[in-house]
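No hydrogens, no waters, no symmetry mates; every other heavy atom, side chains included, goes into these values.
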Amino acid sequence: MRCAIAPSAATWCLRCAVNRGQIPINSPDGYRKLIPFAALSATYFAHIGFFNPYLPLWLKHEGLPIVVISLLASVQSFTRVFAPYAWGAISDHTGERVKLLRFSAAMALVSSAGLWWNGGAWWIGFVLLVLFTHTSSMMSLTEAAMSQLVAGDWGRYGRVRLWGSVGFMVTVFAAGGWFEVFGMGSFPAWTGLTLAGVLVCTLWLPNVREPAHADAAESAPVGPVLREPAVRWFLASLFFHVMAHFAIYGFLSLYLDALGYSKAMIGLLWAVSVIVEIGWFYAQGRLIARFPMERWLVLCGAAAAVRMAMTGGLGGWLAALFIAQALHALTFATHHTACIAMITRHFPGRLRARGQAIFTVTGYGFGGVLGVLAGGAIASRWGFEPMFGAAALLAVIATACAWRAERAGRHNTESAT
């Protein structure tokens, strides 16, 4: 039976967890088991908080042109096309999510040492390919393991996930100040240090494990779920929404640098987006139930269109950039929670890790690759402003798909009753 993510359904999920012996409601032991996940979220996004915003600037520091930078920045999204589903299938088959997380963290740390060697664009691309193959699936595996403990309580999920936002904010702000003073040459050192923190936190995780039965995985096919209209429209909305956001993820730092903003100011603008993200994750337990998840996706898509248009059209006005970055509370934080809730609803039980992988592959894999490559091509030919205009159009398409997903979901509900 699938859980609809609503106040009563969330309560039903928690009761199911109690009956299965997972987490008693309001159990202190349940909260203690989530602390290592909060630490992993903090360290993982601390790594992302400096790596993703400043990777393009480091590549520029290495003397690479914007087209090559966009290609190298797309490596992360390329690995998300195949790595998350492969790791997710192994995870669903074995149930060993935590052991896979530890292995991925160790391999990522080892491969990051290659960034110290100046081997040119091809070598950097190879190092990033190995590194991202192991890091791109880490959050989908973490979400799958943590969902066993959260059991549909999205307020509790938000309290854990906000620590990732805190980690991101600390490093994006600290790294901006550091690189402003000392330059981009220490980028590889930051990479190794933050990945070491990720590895330590994976060793702290409780060994959350589901029973491994090969026939159980075979008896839970993904195909019938993917054929549902509500799921197809949801995934289409996810694809276009994340594709639009790679104008931010891949090129915001380069865009602001071209406008003459300092690295410290670039870090501050990134930090603003994370501060509002933290606020949302903290308060979402009281807010998320006000609308169906599909309705939240519609609102998030509309906010994304406004954000992209403001960023590209009003980049010389600092106040407008702060407002645009503040919309991150809707365009990422709310959107992420709504997506995870829908994945949990449509991909329960032994489909969980594969569902999380499909989320990553669709949005941050295919959507990310096309977003970065198209963004780089548009920016190199016509400039950053038209690129953000194209991103705004993609966000409008995402909004329309989310609206269709809401209609399909409503039709399913009416048919069931």
Side-chain angles (χ1 to χ4, degrees), residues 45-61 66 69-70 73 76 162 164-184 187 190 194 241-242 244-282 300 303-336 368 371-372 375-376 379 383-392 395:
F45 283 100
H47 166 70
I48 296 298
F50 101 89
F51 197 92
N52 286 11
Y54 297 108
L55 174 63
L57 296 179
W58 178 67
L59 296 173
K60 180 182 176 182
H61 170 78
I66 189 170
I69 291 174
S70 67
Q76 184 176 39
L162 71 82
S165 305
V166 171
F168 187 104
M169 183 182 66
V170 168
T171 54
V172 75
F173 194 65
W178 177 276
F179 293 141
E180 182 71 23
V181 175
F182 299 104
M184 300 300 302
F187 183 89
W190 278 77
T194 53
H241 188 95
V242 177
H245 269 70
F246 268 84
I248 299 290
Y249 301 148
F251 302 100
L252 179 63
S253 295
L254 289 172
Y255 172 56
L256 296 175
D257 184 65
L259 290 175
Y261 292 103
S262 68
K263 291 181 178 62
M265 180 57 68
I266 292 172
L268 179 60
L269 284 166
W270 278 99
V272 166
S273 68
V274 184
I275 290 172
V276 297
E277 179 183 310
I278 292 170
W280 167 262
F281 282 134
Y282 183 82
C300 293
V306 173
R307 180 184 184 184
M308 301 304 164
M310 289 184 67
T311 301
L314 301 173
W317 185 21
L318 187 59
L321 289 176
F322 274 100
I323 294 171
Q325 288 297 91
L327 288 174
H328 194 72
L330 282 171
T331 68
F332 171 74
T334 312
H335 183 265
H336 181 78
V372 172
F384 289 108
E385 289 81 2
M387 182 199 66
F388 281 105

Evaluate the side-chain contact (heavy atoms from CB on, under 4.5 Å) criterion for residues Lys263 and Val181: first the C-alpha distance (whole Å), next the side-chain angles of each, then the deciding distance (0.1 Å), finally the verdict.
CA-CA 9 Å; Lys263 291 181 178 62; Val181 175; over 6 Å; no
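- Of the possible donor and acceptor atoms, none in the side chain of Gln325 sits under 3.5 Å from a partner among the backbone N and O of Ser273.
- Of all heavy-atom pairs spanning Ala305 and Ala395, the tightest one is N-CB, 3.4 Å.
- Taking the side chain as every heavy atom from C-beta outward, Met169 and Phe45 never approach each other to under 4.5 Å.
- When all heavy atoms of Ala244 and Met308 are compared, the pair lying nearest together is O-CE, 3.6 Å.
- At distances below 3.5 Å, not a single donor-acceptor pair connects side-chain atoms of Ser70 with backbone N or O atoms of Val372.
- At a threshold of 4.5 Å between non-hydrogen side-chain atoms, the residues Ile66 and Phe384 count as touching.
- Taken to the nearest 0.5 Å, the CG atom of Leu252 stands 6.5 Å off from the OG1 atom of Thr311.
- A distance of 6.0 Å or more separates the ring centres of Phe251 and Phe246.
- At a threshold of 4.5 Å between non-hydrogen side-chain atoms, the residues Phe168 and Pro53 count as touching.
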Between Leu55 and Phe187, is the side-chain contact (heavy atoms from CB on, under 4.5 Å) condition met? List the steps.
CA-CA 8 Å; Leu55 174 63; Phe187 183 89; 4.0 Å; yes
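- When all heavy atoms of Gly315 and Leu259 are compared, the closest pair comes out as O-CD1, 3.6 Å.
- Using a 4.5 Å heavy-atom cutoff, the side chains of Phe322 and Leu268 are in contact.
- For Trp190 and Phe179, the ring centers are positioned less than 6.0 Å apart.
- Ring geometry, Phe332 versus His328: the interplanar angle falls under 30°, so the pair is classed parallel (tilted spans 30 to 60°).
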Stepwise side-chain contact (heavy atoms from CB on, under 4.5 Å) check, Gln76 with Asn52
CA-CA 10 Å; Gln76 184 176 39; Asn52 286 11; 3.5 Å; yes
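- Ring orientation note: the planes of Phe182 and Trp178 are tilted relative to one another, at an angle of 30° to 60°.
- Side-chain contact between Leu321 and Tyr261: present, with at least one pair of heavy atoms (C-beta onward) separated by less than 4.5 Å.
- Ring-centre distance between Trp58 and Tyr54: not below the 6.0 Å cut-off.
- Scanning both residues, Leu314 and Ala320, for their nearest heavy atoms gives CB-CB, 3.6 Å.
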Output, in order, the C-alpha distance, side-chain angles, deciding distance and verdict of side-chain contact (heavy atoms from CB on, under 4.5 Å) for Lys60 and Met184.
CA-CA 9 Å; Lys60 180 182 176 182; Met184 300 300 302; over 6 Å; no
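- Heavy atoms only, all atoms of each residue included: Ala46 and Thr194 are closest at O-CG2, 4.3 Å.
- Side-chain atoms of Trp270 and Ser253 include a donor-acceptor pair closer than 3.5 Å.
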